[in-house]
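Taking it in order: structure first as structure tokens, then the write-up.
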Amino acid sequence: MRVPIIAGNWKMNKTLEESVRFVKDLLPLVEPFRNVERVVCPPYIALAGVADALMGSNLKVGAQNLHWEEKGAYTSQISPTMLDGLAEYVIVGHSECREYLHETDDIVNRKVKAALAHGLKPILAVGENLAQNEAGETLSFVSSQVRAGLAGVPAEEMANIVIAYEPIWAIGTGRNASADQANQIIRSAIRDTVEALYGAEVAAALRIQYGGSVKPGNMAEYMSQPDIDGALVGGASLVVSDFVALVEAAARVKGA
Ligand code: 13P
């Protein structure tokens, strides 16, 4: 049985003070839903404050990115070592980093491996853009991102990886992929690819999230799909009541 996982990707939102206040408000409301894994991914600057506020709780912390080297002349970058003790998860390969920071599949793969080597759990984000979607290239493109992102990752590390399917055209646009569509792509392009790489058992245990305009109003629909194990959420994760509603929906629908 795959434990559902809801991760809030706050992107470039909330100051340190706002972040700490937010998690203090959120924590008592989501704590009862212990069978759904809940993760907040604040901006780097708020990680230490949030980690401190959540110490000993079951609300987990993720970083939004990392560098693959432990240290060195990489102005502005944050290494996996620096995240030690602050984050359990780290988002890798988000489409905004691929697009605005020009992160290639090779860079994403280095980051996945660096995260694992330092005991961090990557949330590997993949997804096609609108042109690829309209050209019918979704399955082959997403599958190639999965293969590239996981290159050289041994089977025994796969239990520490979550994959997030986020169609770029659905991010922050209010134009979400239908639950059926999302499930089909997740099944064919992600779970089947992982099965081809690692075998049926690893593929069946892999947790895969959907992301892109997930809201309290559509969460139950996504969660009722057999291959969708949670959500990577932007906008709705910035509002305490929405975050709680997402977790409640996952718990209700997945029977967790
Ligand atoms: P929205 O939920 O705001 O569409 O963002 C999705 C996302 O990019 C999460 O990583």
Side-chain angles (χ1 to χ4, degrees), residues 4-14 18-19 22 26 30 36-44 46-47 50 60-66 87-101 103 108 111-112 115 120-130 132-133 138 141-142 145-146 149 161-179 181-183 185-186 190 207-223 225 228-250:
I5 176 167
I6 317 289
N9 173 13
W10 294 357
K11 308 190 179 184
M12 196 173 72
N13 292 288
K14 298 193 190 297
E18 288 165 346
S19 300
F22 184 94
L26 181 67
V30 293
V36 177
E37 209 173 347
R38 293 134 285 130
V39 185
V40 287
C41 304
Y44 284 135
L47 275 177
V50 165
K60 296 179 173 174
V61 182
Q64 294 179 19
N65 204 346
L66 82 173
E88 177 170 338
Y89 284 91
V90 58
I91 300 169
V92 177
H94 193 279
S95 61
E96 285 148 18
C97 302
R98 293 181 191 257
E99 183 178 355
Y100 305 131
L101 306 178
E103 291 192 3
V108 170
K111 292 184 172 195
V112 166
L120 293 157
K121 297 174 181 164
I123 297 176
L124 169 61
V126 296
E128 82 288 0
N129 65 27
L130 187 59
Q132 291 165 324
N133 183 277
T138 299
F141 181 73
V142 172
Q145 282 186 318
V146 169
I161 291 191
V162 174
I163 297 184
Y165 169 59
E166 298 205 304
I168 295 171
W169 50 271
I171 295 177
T173 58
R175 249 192 85 178
N176 47 322
S178 77
Q181 244 179 329
N183 190 73
I185 294 160
I186 282 172
I190 303 179
R207 292 185 297 171
I208 308 176
Q209 299 171 311
Y210 169 75
S213 297
V214 172
K215 308 284 176 214
N218 59 25
M219 182 68 173
E221 237 178 288
Y222 288 110
M223 290 305 99
Q225 295 292 328
I228 303 183
D229 307 308
L232 182 57
V233 186
S237 77
L238 298 169
V239 180
V240 170
S241 57
D242 284 357
F243 203 126
V244 175
L246 297 173
V247 173
E248 273 173 354

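It should be emphasised that the depicted structure is a prediction, and the values quoted were computed from it without experimental measurement. Indexing begins at 1, ligand by ligand and atom by atom, following the structure's order.
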Inset, instruction - Can you figure out which of E166, H94, Q64 has its heavy atom closest to atom 6 (C) of ligand 1? - result: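 Looking at heavy atoms only, E166 sits closest to atom 6 (C) of ligand 1.
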
Inset, instruction - Report the member of K215, K11, E96 with the shortest heavy-atom distance to atom 8 (O) of ligand 1. - result: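 Considering heavy atoms of K215, K11, E96, the nearest to atom 8 (O) of ligand 1 sits in K11.
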
Legend entry - G211 near ligand 1 by a heavy-atom separation under 4.0 Å: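 Under 4.0 Å: no for G211.
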
Inset, instruction - Examine the proximity of ligand 1 to N9 and report which part, side chain or backbone, both or neither, has a heavy atom under 4.0 Å away. - result: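 Only the side chain of N9 comes within reach of ligand 1.
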
Any side-chain donor-acceptor pair under 3.5 Å between [X] and [Y]?
{"X": "W169", "Y": "E128", "value": "yes"}
{"X": "E37", "Y": "Y89", "value": "yes"}
{"X": "N176", "Y": "Y222", "value": "yes"}

Inset, instruction - For A115 and V90, work out which heavy atoms get closest and say how close. - result: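 Nearest pair, atom of A115 first, then V90: CB-CG1, 3.7 Å.
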
Inset, instruction - For atom 2 (O) of ligand 1, grab the closest protein heavy atom and report residue, atom and distance to one decimal in Å. - result: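 It is G234 N, 2.9 Å.
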
Sub-3.5 Å N/O-N/O distance, [X] and ligand 1:
{"X": "I171", "value": "no"}
{"X": "T173", "value": "no"}
{"X": "G235", "value": "yes"}

Inset, instruction - May I ask you to list the atoms of ligand 1 that are less than 4.0 angstrom from any heavy atom of S213? - result: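 Under 4.0 Å from S213, ligand 1 has these atoms: 1 (P), 2 (O), 4 (O).
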
Inset, instruction - Could you list the atoms of ligand 1 found under 4.0 angstrom from a heavy atom of G212? - result: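 Those qualifying, in numeric order: 4 (O), 6 (C).
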
Inset, instruction - Please name all residues satisfying side-chain hydrogen bond (donor to acceptor under 3.5 Å, both in side chains) with K14, sequence neighbours left out, ordered by chain then number. - result: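 side-chain hydrogen bond (donor to acceptor under 3.5 Å, both in side chains) check on K14 returns nothing, list empty.
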
Legend entry - Set of residues satisfying side-chain hydrogen bond (donor to acceptor under 3.5 Å, both in side chains) with respect to E103, sequence neighbours excluded: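 E103: side-chain hydrogen bond (donor to acceptor under 3.5 Å, both in side chains) contacts with N65, K111.
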
Inset, instruction - Would you indicate whether the side-chain heavy atoms of R175 and S213 approach each other to under 4.5 Å? - result: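 Contact flag for S213/R175 side chains = no.
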
